[in-house]
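Numbered from 1 within each chain, the chains take letters A, B, ... in sequence-line order. Just so you know, these numbers use all the heavy atoms, side chains as well, and skip hydrogens, waters and symmetry mates.
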Amino acid sequence: MTCLSLICPLDRAFFSRNPRRVARELLGKILVRDYENVRVAARIVEVEAYLGVNDPAAHSAAGKTARNSVLFGPPGYAYVYFIYGSHYCLNVSCEREGKAGGVLFRALEPLLGIEEMARERAVALSGPRDLRRLTSGPGRLAEAFGITRARDNGADLTSPLSGLWIGTDGSHPGSIRISPRIGITQAADRRLRYFLAKNPFVSGPKAHR
DNA sequence: ATATCGATTATCT
DNA sequence: GATAATCGATATG
């Protein structure tokens, strides 16, 4: 049976809250790329909250710079940064203008445009294990969606007109788990990582702890 | 002008 | 499980 679902964009008020709340509620929502009449879409299954105050791990911790200015702007916009000489990572700004905060996208479950994602990632698709390699990890999902800082930093993620946006199909996510964030050294004990229990696309070797 | 480091990934053993 | 690769942002001289 085919399930033709409409995807409705989230509004700015959704993002105008503290990053913990936004992170938790982003689980089960859908990241969409519309480009040249092709849609690429994937369900959000793992995110991390980065707080505006009292969070040394956040890029906004040392104040506003040219790099992180989106985090200090209005909510619902893409903050894209480049890391380890190879990878882009996608965040969405939270809180209100002047107050920093964001949510990092760590893993997605592919829904539409799987061939396009595979082309962007330059991986061959011959089994379910390969599907996982498309969008499981912050650098991987950014590559699968063709996200770069030049192209997408500052994009309005509440507007389908921007070509990169976040929506909902009205479905209800399963049970949510919380753990410490991955790959950081500062504030490494804080439990600000949110993910869907038992979802195979969650990133990391110890994905389900 | 130069040095250091990182919200990662791929590719080994 | 361990580690090299890789380069932009940032801090410092």
**OP:** Please lay out, stage by stage, how Arg43(A) and Ser171(A) fare under the test side chain to side chain donor-acceptor pair (under 3.5 Å).
**Re:** CA-CA 11 Å; Arg43(A) 198 172 301 279; Ser171(A) 67; 3.0 Å; yes
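Taking atom CG of Leu90(A) as the reference point, atom P of dT8(B) lies 14 Å away to the nearest angstrom. For the pair Ile83(A) CD1 and dT4(B) C1', the computed distance is 13 Å after rounding to whole Å. Atom P of nucleotide dT8(B) and atom CG of Asn91(A) are separated by 11 Å, given to the nearest angstrom. The CZ atom of Arg181(A) sits 15 Å away from the P atom of dG6(B) (whole-angstrom rounding). Between the OH atom of Tyr88(A) and the P atom of dG8(C) there is a distance of 8 Å, given to the nearest Å. Following rounding to the nearest Å, Asn68(A) (CG) and dA7(B) (C1') show an atom-to-atom distance of 13 Å.
Note on Leu104(A): a base of the nucleic acid sits closer than 4.0 angstrom, heavy atoms only. Residue contacts for Arg67(A): at a heavy-atom cut-off of 4.0 Å it reaches the sugar-phosphate backbone alone, with no base atom in range.
Checking the phosphate oxygens (OP1, OP2) of dA7(B), a side-chain nitrogen or oxygen of His59(A) falls inside 4.0 Å. Distances shorter than 4.0 Å separate none of the side-chain N or O atoms of Arg190(A) from OP1 or OP2 on dA7(B). Between Arg133(A) and the phosphate of dT9(B), there is no side-chain N or O to OP1/OP2 separation shorter than 4.0 Å. Side-chain N/O atoms of Arg149(A) include one lying less than 4.0 angstrom from OP1 or OP2 on dA9(C). One finds no side-chain N or O of Ser86(A) lying less than 4.0 angstrom from the OP1 or OP2 phosphate oxygen of dC7(C). Not one side-chain nitrogen or oxygen of Arg193(A) sits closer than 4.0 Å to the OP1 or OP2 atom of dA7(B).
Checked against dG6(B), dT8(B), dT10(C), the side chain of Pro138(A) finds its nearest nucleotide in dT8(B). Considering only side-chain atoms of Arg106(A), the nucleotide from dA7(B), dG8(C), dT10(C) that sits closest is dA7(B). Comparing dA10(B), dT9(B), dG6(B) by their closest approach to the side chain of Arg140(A) singles out dA10(B). The side chain of Tyr84(A) lies closest to dG6(B), out of dG6(B), dA10(B), dT10(C).
Base pairing annotation: dA7(B) forms no Watson-Crick or G-U wobble pair, as no partner gives both donor-acceptor distances under 3.5 Å. When both distances must be under 3.5 Å, the Watson-Crick or G-U wobble mate of dT6(C) does not exist.
Taken from SG in Cys8(A) to NZ in Lys29(A), the straight-line distance is 11.0 Å, to the nearest 0.5 Å.
Salt bridge present: Arg21(A) and Glu25(A) bring a charged side-chain N and a carboxylate O closer than 4.0 Å. Look at Arg193(A) and Glu46(A) and you find a salt bridge, because one of the NZ, NE, NH1 or NH2 atoms lies within 4.0 Å of a carboxylate O, short of that distance. A salt bridge does not link Arg181(A) to Glu48(A): none of the charged side-chain nitrogens sits closer than 4.0 Å to a carboxylate oxygen.
In this model, a donor atom of one side chain and an acceptor atom of the other lie less than 3.5 Å apart for Asn199(A) and Glu109(A).
By the 5.5 angstrom centroid cut-off and the 30-degree plane limit, Tyr50(A) is classified as stacked against the base of dA7(B).
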